[in-house]
Structures are given as structure tokens and as C-alpha cells.
Amino acid sequence: LKFSQIAIQSPSHSSQEVVSQSSLRKMSSLARPIAGSLKSLSVASSCARRFSSTGKNAVSAAHWEEHWTPETLKASSRKHVMATWGPGSGMRDLPLLTHGEGPYMFDTEGNRYLDWTSQAICTNLGYTVPPTVLAAVQKQMEALPMVYGGLGNTEVRIRLAELLSELLPGDLTGFLFPSGGSEANEAAIRIARRYTGRQKIINHYRSYHGATAHSLTATGDFRRGFAEAAGAPVGFVKTMNPTDSHLFSFGATDEERTSKALGYLEEQILCEGPNTIAGIMFESVIGSGGVHMAPKGYMEGVRKLCDKYGIVMICDEVMVGFGRTGKFWGFQNYDVLPDVVTSAKGLTGAFMPLSMVATRQHIMDHFETNPLGWGATFHAHPVSLATGYECVKFMLENDLVKHAKEVMEPVMKEELEKLVSKYSCVARSRVVGGFGCVDLIDPKTQAPVQNFDGSMCSNPDAVAAFRAALRQNGLIGFVRPPMFHCAPALVINEEQLRDGFQRADRSLQVLEEKLTA
């Protein structure tokens, strides 16, 4: 059907009829679904032949080969591997990683990368798995590799809950063990709603709470749009962070910021109706949104508002729990005791998927006689629990919290301030424990180099060059302009940390030159 006109023999006439271009379009539109159906039939026939065998012959013999070549892996990745937050095309040029050691990772081309952000602020123990963790995993796998939480209890579940209750202050003594941070926050939201009989949850705009439906709707940053576009759950209210942005501030001092931000929050509570609000869920320290500590008195004021109106206070510690801020728990940077604490990532050093939800005694007591109404197949998975138990003990034995506070924090403060002084594209540094960040700006406008979602980028070529320079200089991690995070493994030593800053310095030099050209 490539011609503008074709001649066909009419079944009812001896003469030829000329088919117009319009008729051709109709014929072509009919032909496409037919062709698609034929293709589907062909695929179905092929699948039927393929699945006539249910044994080893049903799949490629390559699956029994010890190694695949990098070329084979990349080709197979293009055919089968999907991306998550961004388009699949964005991951096709990522390094093919093979192994790790200490704070470093290696790829198929022999490149060594210093993990500058513990991936997603999770590989807190680096890549050399402690022998005690390996032994515990093997022991649990051999003894009892799986127990569904509703059918039976396990020793390691009880022991990890006991250990964490000793590490948490006050009466935070009841524990759930979901599989990840998003799931932990889902459970926390369910707990607050079931405990209070109310629906609404208040969150900050500058926040991230997870990728599942309720956790993502609780999120304040641009990623919540992915949930909202698909019909998000209801009952979530956003409030302004008490910290400054380049456009807005509650005040010039911490006292003023705290006073006005708390007044704003209480006004929202009253306008929404206190008897409709189940929980206030904030990150103890804002993580992916830029490493922001709350101004002095703010979290304490939130605690008082929760007490005043019978609201459950939830601290999301998915990123900052387990020593990242130089305290065992991020909320210990303030004088507060939350009702519910969630954490994940650092619990197992990301060696295995595991998270936790801790509740105070009065909430645990409530659910002793009332169903919590949340669960998951892999909740309290014994192999993950064994991993977490030994990882927490390893942290304690090596006092990694003290290392974050007394070794990492001073070096990071010094080095980040050097970058702020040296480059016009680097503005403001923030550090707490082993968690740091600087803001990247366009020197010509003094505005952020781009929005957090990547929009309104003043110089896309400069940002792309910066990302490439980081990789060329052997730094790997998540890069989220207009922020540049620093959160290496808590096992990093001072020499490795300072070497990382030299690599970051060389990479920022590229960004500076592009932005000022």
C-alpha cells in the first residue's frame, strides 16, 4: 500500500475500480489491527511451543553459565530491565557494577568509585560485610529461612525488638519489622489513623516519605505528583517547613522562624479541625530535600501541639536513624519523644531489606486488644532480622555513632566550607554528623541552578557536565541539583573522606567553569 492509487478487480464489475487515497487510509487502518493480531498469534504460538516444556529446556542454557559478558548483560538490560523514577533510557549508560570493598564500588571496566552518598543514604556499613553478619545469615538460612509473622514468632525477632527498645529513649518499646522505609511509613500512617479514629496526616512540603501510595502522597516534594496523577489517597495536608528557601523565610532568626512556623501550623490544625487529624509526620532531619535541621524549639513545639490536640507525632528516620546524624536517632538532636518512629536503610546497612516501626507503650497497649490492620508476607522476615541484629551490634561494637560525630562531622564541615568559599556556584553548607549538603546556584542569577524536579534549569549543559565529571573523578551516588549531598559510609576513615572531597572539588570546578563561561 505504498502507492497513492492502486487498481483492483471488483468482484461485481468487469472493469477496474480506482481506489482513492482516502480509501487506502481506511484499508490501511483495517490492516494494522489484522497485522497486530497475526503477530500476536505468532507470538502466542511461539510461547505455546516454548512452554510445552516445564523443565530446564524451557529457558536458555546461558542461565547455567557462571559468567555473562558485559556486552551480553547490557544487551539483555536494554531488552528487559526497566527503570523506576526516571525514563529507562536514563539508565542505559550507568556503570555495570560488580563488587565492593569498604566505601568503594567497582565496575566491569575496572573503575573504582567512592560511594559519596551511601547510594540512597543506606549502605552505612560500606561493602565489606562483617563476618558476624555473614555467619548469622547462613545460620538463619540453614535453620529456618522463612516464617510468616502471623503463624509463629522467632527468637531473632524478639531479640532485635529487645535490642532496639534498649537503644530508643522513653517508652518506645513496641515494634513492627516491615521490608522497607515506604512500607514502614505506610504502617505508621495506619497506626495513627487506627489509634485515633481520625484520617488526616500533616507533612512538610520539603519531605520524602516513600514510593507506595500513602507514603508518596504524604511526601511533599515533586515526586508526590506521580501518585496524585494516578488518583492519590485522600487525607494528607501539607505545611511549610520552618527552614528558609531562596524565596521565603519565616524570619531572620531561629526564634522568629520557630514562633511563626508553629503559629502557622497551629492555625492549619484549627482550620482543618483538630478532631480530624490523626498524625503529624515529619522527617527528623530533612534528607533528600537538603539536610535541614529544624530551628531550635520547633520540634519541641510540634510535640506540644500534638499533646494539646491528641495527635500522634511520627518521626520519619528512614534516612537518619542508626547514627547518620551523629546521634543514634535523628530526633535526639532535639528534646522530644515521638509517639511513633520509623527507620530502615541503616538498620541492616542495606545488606538485606528491613525496616522498623517503633511505638510508645500506650499505642502498643491499644493494639494488644485491637487489630492494627496492617501486615505483609515478608514482615519480620527472619533472615533480614538476623542481618539487622548483627549489623546493629556491629555499629555498637565499633561505636560508629561516635565516629560520625567526632571524625566525620568536623572534616565535612571544614571541607564543605572550603567549597563554599572557593566556588561562586556553591552556596551554603549544612552538616550534622555524617550527613552534609551544599546548595548549587547559578552565579549569574544567584538562584538555584534548577528546581528539585529538574525543571527551570538555567544551564542544562553545565549540570550534565558536572554529573559526567563526578563519574570521571570516581565519585558515585545520587546527585540531586540544586543540592549536592555528602553522606558516605559511616565506616569511612579520614583519609578516604578527604580524598573524596578532592574528587568533589575537581568536579565542581567543571560546573563552575560552565556556569561562568
Side-chain angles (χ1 to χ4, degrees), residues 169-170 188 192 196 198 200-209 218-221 236-317 319-320 325-327 329-341 360 413 427-433 435-439 446-448 452 482-483:
T196 62
R198 305 171 183 175
K200 294 176 185 175
I201 306 291
I202 297 180
N203 310 95
H204 280 139
Y205 274 110
R206 187 186 289 119
S207 68
Y208 176 71
H209 295 292
T219 292
D221 73 31
F236 292 90
V237 178
K238 298 295 178 290
T239 191
M240 296 297 296
N241 296 70
T243 49
D244 298 350
S245 76
H246 72 290
L247 295 174
F248 174 80
S249 174
F250 275 114
T253 66
D254 275 359
E255 183 179 7
E256 191 175 2
R257 292 184 188 97
T258 292
S259 175
K260 290 188 177 180
L262 288 173
Y264 182 91
L265 176 59
E266 185 166 18
E267 179 74 7
Q268 281 188 287
I269 291 170
L270 293 172
C271 289
E272 291 289 338
N275 62 342
T276 69
I277 299 170
I280 294 178
M281 182 166 74
F282 292 158
E283 290 179 272
S284 301
V285 177
I286 301 301
S288 59
V291 189
H292 290 274
M293 288 273 292
K296 185 178 180 180
Y298 177 77
M299 292 294 278
E300 292 83 354
V302 172
R303 174 72 270 179
K304 289 179 182 177
L305 289 175
C306 288
D307 291 338
K308 182 177 180 178
Y309 295 109
I311 298 168
V312 174
M313 182 179 183
I314 305 168
C315 280
D316 177 348
E317 301 254 332
M319 270 194 181
V320 299
T325 69
K327 303 278 189 181
W329 309 103
F331 70 82
Q332 290 177 317
N333 289 285
Y334 318 104
D335 184 18
V336 297
L337 182 67
D339 297 307
V340 177
V341 179
R360 292 182 65 185
K413 283 184 174 179
R428 297 170 297 277
S429 68
R430 296 172 294 279
V431 177
V432 53
F435 205 10
C437 187
V438 293
D439 298 327
Q446 297 300 302
F452 191 35
M483 280 80 72

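Residue indices begin at 1 and follow the sequence shown.
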| request: Quick one: do Asp254 and Lys296 satisfy salt bridge (charged side-chain N to carboxylate O under 4.0 Å, His left out)? Show the steps, please. | output: CA-CA 6 Å; Asp254 275 359; Lys296 185 178 180 180; over 6 Å; no
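- To the nearest 0.5 Å, the span separating CD on Gln268 from CG on Leu305 amounts to 11.0 Å.
- Heavy atoms from other residues, nucleotides or ligands lying under 6.0 Å from CD of Glu255 number 12 at most.
- By the 4.5 Å heavy-atom criterion applied to side chains, Pro482 and Asp439 are not counted as neighbours.
- For Asp307, the CG atom counts as densely surrounded, since its 6.0 Å shell holds more than 12 non-hydrogen atoms of other residues, nucleotides or ligands.
- The NE2 atom of His204 sits 9.5 Å away from the CD atom of Glu283 when rounded to the nearest 0.5 Å.
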| said: Between Leu337 and Arg360, does the side-chain contact (heavy atoms from CB on, under 4.5 Å) criterion hold? Intermediate values first, please. | reply: CA-CA 9 Å; Leu337 182 67; Arg360 292 182 65 185; 3.7 Å; yes
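- Proximity of Arg257 to Asp244: side-chain heavy atoms (C-beta onward) are separated by under 4.5 Å at one or more points.
- Using modelled atom types, no side-chain atom of Thr325 and backbone atom of Val432 make a donor-acceptor pair closer than 3.5 Å.
- Ring planes of Trp329 and Phe331: parallel class, angle under 30° (limits at 30 and 60°).
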| task | Given side-chain contact (heavy atoms from CB on, under 4.5 Å), test Tyr309 with Ile277 step by step and report yes or no. | result | CA-CA 9 Å; Tyr309 295 109; Ile277 299 170; over 6 Å; no
| message | Please evaluate residues Asp339 and Arg303 with respect to the criterion side-chain contact (heavy atoms from CB on, under 4.5 Å), reporting the C-alpha separation (whole Å), side-chain torsions for both, the decisive distance (0.1 Å), and the verdict. | response | CA-CA 9 Å; Asp339 297 307; Arg303 174 72 270 179; 3.0 Å; yes
| request: Give the C-alpha distance, both sets of side-chain angles, the deciding distance and a yes or no for side-chain contact (heavy atoms from CB on, under 4.5 Å) between Met293 and Asn333. | output: CA-CA 9 Å; Met293 288 273 292; Asn333 289 285; 3.6 Å; yes
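- A distance of 4.0 Å separates OG1 in Thr243 from CZ in Arg206, rounded to the nearest 0.5 Å.
- Within the 4.5 Å cutoff, no side-chain heavy atoms of Val340 are placed close to those of Met281.
- Shortest non-hydrogen contact noted between Asp221 and Ser288 is OD2-OG, 4.4 Å.
- No more than 12 heavy atoms of other residues, nucleotides or ligands shown are found within 6.0 angstrom of NZ on Lys327.
- Residue Phe452 holds its CZ atom at 10.0 Å from OH of Tyr208, rounded to the nearest 0.5 Å.
- Looking only at side-chain heavy atoms (C-beta outward), Leu265 and Tyr298 come within less than 4.5 Å of each other.
- No donor-acceptor pair closer than 3.5 Å links the side chain of Asn203 to the backbone N or O of Thr219.
- Side-chain N or O atoms of Asp316 include none that pairs as donor or acceptor with a backbone N or O of His209 at under 3.5 Å.
- Using modelled atom types, one finds a donor on one side chain and an acceptor on the other under 3.5 Å when comparing Glu317 with Ser284.
- We find the CZ-CD distance between Phe250 and Glu256 to be 11.0 Å, quoted to the nearest 0.5 Å.
- The only option from Lys308, Lys260, Lys304 that meets the salt bridge (charged side-chain N to carboxylate O under 4.0 Å, His left out) definition with Glu266 turns out to be Lys308.
- Residues Met313 and Met299 meet the side-chain proximity criterion, which asks for heavy atoms closer than 4.5 Å.
- To the nearest 0.5 angstrom, Ile269 atom CD1 is 4.0 Å from Ile280 atom CD1.
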